[in-house]
Amino acid sequence: MYLFLVLNLNTLWVAVSIAMQHGHYDMCKTQTKSDEGIVWEYMACQPESKDMTQYLKVRLDPPNSTCGDPPEPFCAMGNPYMCNNECDASTKELAHPSELMFDSEGRNPSTFWQSVTWKNYPTPLQINITLSWNKTIELTQNIAITFESGRPEKMILEKSLDYGVTWQPYQFYAADCLDAFRMEPKSVKDLTANTVLDIICTEEYSTGYAAHAKTISFEIKDRFAIFAGPRLHNMASLYSQLDTTKNLRDFFTVTDLRIRLLKPATGATFVDERNLGRYFYAISDIKIYGRCKCNLHANSCTFTNNRLACDCEHNTTGQDCERCKKQFQGQAWSPGSYLTIPKGTANICDPSIAFIGNCYCYGHSNRCTYIEIVNTAVCVGCRHNTRGQHCEKCKKSFHRNGSAKLDDVNVCIANVCDNELLRCQNGGVCHNNMRCQCLPGYTGILCEKPKCEETGGCSSKSGQESIPHNLYLTTMIIVARLCTL
Ligand SMILES: *[C@@H]1O[C@H](CO)[C@@H](O)[C@H](O)[C@H]1NC(C)=O
Ligand SMILES: *[C@@H]1O[C@H](CO)[C@@H](O)[C@H](O)[C@H]1NC(C)=O
Ligand SMILES: *[C@@H]1O[C@H](CO)[C@@H](O)[C@H](O)[C@H]1NC(C)=O
Ligand SMILES: *[C@@H]1O[C@H](CO)[C@@H](O)[C@H](O)[C@H]1NC(C)=O
Ligand SMILES: *[C@@H]1O[C@H](CO)[C@@H](O)[C@H](O)[C@H]1NC(C)=O
């Protein structure tokens, strides 16, 4: 049995507004009954937040910084005096390749990536771990990196928004921010709405070997909470900030992340040079939750051929739904708006405005161009002797065929005059069935205009001070008319 639910527009809007206040934005469109029958309603929408580590590519720099090639001994984690462990890349049980940072594991992570040891001390042991999606991602939860070696004493988290071409720091981490980066230590809790985009150095995550403190975080939720309240109960407020503040939106958006490991945990002021096998990095887990950035034009994103792409709706297209489909480009593309309905809008690429086939340019052109300054689309290359923004007017020396509709190829006809039909007016005579030869004092294709209109000399249209002159001209024209009668 089917339950058929009829929603009118108002109830729909209420439903949608509630969904949006809760920050779901999970529907791009819905069918609804209105006075005009079943219609589609379009809404800003976004894909759900997911574990994004499934879709990334990882790269290590230098490339030979994973341990085990050649095999090497290292000291047990947490016990620097037991140095008879071995990392061997060619033996599965003893290998620690980078994919082990992203494998699923239970409560006791036993698999991890591990670096080479600091055998080249005092040359710094510095390793970049670059994570690339080849897709813009919006982060939705804290980034959490779990270290099985002690947490590094110096680290920078960096981000790129342009597929790795340029990089910006996201957060600095150090046991001593002043010493490591010449930055005052700060906590994300110190940030306010005015400083939320500040890049800080924090000392909260850099105490080396502490039994239950293995994680380094990048605190997304604390930043969201500045706008949405401590338990993120007011997501609408966050979304309206995001809607109007591009910098804030971009702050949470990345195409790549880079973890720059600059100094391993030493657990002491001095490095023990006799036991360099104590010092290395080991990461068992990296958590990154986010969603595909689809500019609020898609509610799903698919991974095909090793590539993430939005499943665009609203007649948009592109990996991020960042442009209108070909036949829907009459209007400038814009992202959907987070604001609640009815203020917010899906900003669909509107087929009724942009559609070029039979309706917008009345079938006289299949091209139109968007003129940004006046925010309008204009048909280009109107055929069938038409012209105008919508090809809705006739070119010069053609006139409107009253019995043809605007989309008729015969809508504009040449002024083929004909003496029998007496098309030429005011005594004009058709010449070679081509054009009206007008009597003096008349002009226009059909001699329909008295010349005084052309010269501006008609008495009704003139200004006061030119009366004597106009009076003279008018008199002359009246005389001319009389003469021809
Ligand atoms: C890590 O990346 C930074 C730029 O983000 C670069 O300056 C540095 O040389 C890289 N380090 C290594 C070890 O590749
Ligand atoms: C990695 O390779 C470079 C150049 O091939 C070499 O100089 C460096 O010592 C190697 N690093 C390690 C840790 O093996
Ligand atoms: C990234 O995606 C583009 C298509 O958007 C593709 O051409 C390119 O090869 C991809 N790059 C990598 C490194 O996968
Ligand atoms: C997109 O275009 C198709 C026609 O190609 C139309 O059926 C559909 O309703 C359009 N969708 C929107 C959201 O305008
Ligand atoms: C005017 O349009 C009608 C309808 O298409 C057409 O039949 C007629 O021939 C047109 N008139 C001229 C003068 O072309």
Side-chain angles (χ1 to χ4, degrees), residues 60-89 94-96 98 100-101 109-110 112-129 144-158 169-188 199-218 258-286:
L60 296 180
D61 282 305
N64 57 354
S65 42
T66 297
C67 67
D69 182 21
E72 65 174 314
F74 65 93
C75 306
M77 283 173 277
N79 186 348
Y81 303 102
M82 267 183 63
C83 298
N84 54 357
N85 292 281
E86 194 186 15
C87 175
D88 179 355
L94 301 176
H96 295 279
S98 59
L100 297 182
M101 292 187 267
S110 54
F112 48 88
W113 164 78
Q114 186 172 310
S115 77
V116 292
T117 62
W118 201 356
K119 50 188 180 282
N120 291 335
Y121 177 86
T123 308
L125 179 61
Q126 299 190 341
I127 299 169
N128 287 348
I129 303 173
I145 308 165
T146 307
F147 285 86
E148 296 303 317
S149 47
R151 298 180 291 189
E153 285 179 14
K154 256 166 93 174
M155 181 186 122
I156 309 175
L157 181 67
E158 291 182 335
Y170 224 176
Q171 192 144 300
F172 293 84
Y173 300 86
D176 185 336
C177 283
L178 264 180
D179 181 60
F181 301 114
R182 294 166 189 250
M183 291 172 80
E184 286 287 344
K186 280 210 174 118
S187 155
V188 72
I199 305 303
I200 61 170
C201 178
T202 174
E203 296 178 352
E204 281 171 77
Y205 305 104
S206 304
T207 47
Y209 290 98
H212 297 290
K214 295 176 161 187
T215 303
I216 281 191
S217 271
F218 179 70
R258 179 173 282 164
I259 301 163
R260 294 182 60 186
L261 302 169
L262 297 174
K263 188 180 180 195
T266 59
T269 324
F270 299 104
V271 171
D272 176 2
E273 291 186 55
R274 289 160 308 157
N275 282 310
L276 290 173
R278 288 173 61 176
Y279 310 116
F280 54 87
Y281 308 100
I283 296 179
S284 58
D285 192 43
I286 300 183

Practice task
Mind checking the SG-CG spacing from Cys75 to Asn85? Nearest 0.5 Å is all I need.
Solution key: 8.0 Å
Exercise for the section: Report yes or no: does Tyr279 contribute a side-chain atom to a donor-acceptor pair with the main-chain N or O of Asp272 at less than 3.5 Å? Expected result: yes
Handout entry: Heavy-atom pair of closest approach, residues Ala175 and Glu203
Key = O-CD, 3.7 Å
Problem - Atom pair OG/NZ of Ser206 and Lys154 - distance to nearest 0.5 Å - result: 11.5 Å
Completion exercise
For Leu60 and Ser98 the tightest heavy-atom approach is CD1-CB, 4.4 Å
Problem - Chi angles and distances behind the side chain to side chain contact (heavy atoms under 4.5 Å, CB included) call for Tyr281, Trp113 - result: CA-CA 8 Å; Tyr281 308 100; Trp113 164 78; 3.9 Å; yes
Problem - Atom pair CG/CZ of Asp176 and Phe181 - distance to nearest 0.5 Å - result: 10.5 Å
Problem - Nearest atoms (heavy-atom pairs only) where Val188 meets Glu204 - result: N-OE2, 4.3 Å
Problem - Modelled atom types, side-chain donor and acceptor of Thr202 and Gln171, under 3.5 Å - result: no
Handout entry: Donor-acceptor pair, side chain of Trp118 and main chain of Arg278, under 3.5 angstrom
Key = no
Problem - Sub-4.5 Å side-chain heavy-atom contact between Thr215 and Asp285 - result: no
Problem - Asn275 side chain near Cys83 side chain, heavy-atom distance below 4.5 Å - result: yes
Fill in the blank from the handout: On a heavy-atom basis, the closest approach of Ala174 and Ala180 is CB-CB, 3.7 Å
Fill in the blank from the handout: Nearest heavy-atom approach of Ile199 to Pro169 is CD1-O, 3.6 Å
Practice task
Test Ser217 against Tyr205 for side chain to side chain contact (heavy atoms under 4.5 Å, CB included), laying out the working first.
Solution key: CA-CA 8 Å; Ser217 271; Tyr205 305 104; 3.6 Å; yes
Practice task
Answer whether the closest heavy-atom distance between the side chains of Phe218 and Tyr173 falls below 4.5 Å.
Solution key: yes
Practice task
Quick one: sort the Phe280 and Phe74 rings into parallel, tilted or perpendicular, breaks at 30° and 60°.
Solution key: perpendicular
Practice task
Working to the nearest 0.5 Å, report the span between CD of Glu72 and CG of Asp88.
Solution key: 10.5 Å
Handout entry: Under 3.5 Å: donor-acceptor pair, side chain of Gln126, backbone of Arg260
Key = no
Problem - Exercise: do Gln114 and Ser149 side chains pair donor with acceptor under 3.5 Å - result: no
Problem - Gap between atom NZ of Lys119 and atom CG of Leu125 - 0.5 Å precision - result: 8.5 Å
Exercise for the section: Test Leu261 against Met155 for side chain to side chain contact (heavy atoms under 4.5 Å, CB included), laying out the working first. Expected result: CA-CA 5 Å; Leu261 302 169; Met155 181 186 122; 4.1 Å; yes
Exercise for the section: Using a 4.5 Å cut-off on heavy atoms from C-beta on, say whether the side chain of Ile283 contacts that of Phe112. Expected result: no
Exercise for the section: Enter the distance from Ile129:CD1 to Thr66:OG1 here, rounded to the nearest 0.5 Å. Expected result: 8.5 Å
Handout entry: Main-chain N/O of Thr266 paired with Glu153 side-chain donor or acceptor, under 3.5 Å
Key = yes
Exercise for the section: Without swapping roles, check the side chain of Arg151 against the backbone of Ile216 for a donor-acceptor pair under 3.5 Å. Expected result: no
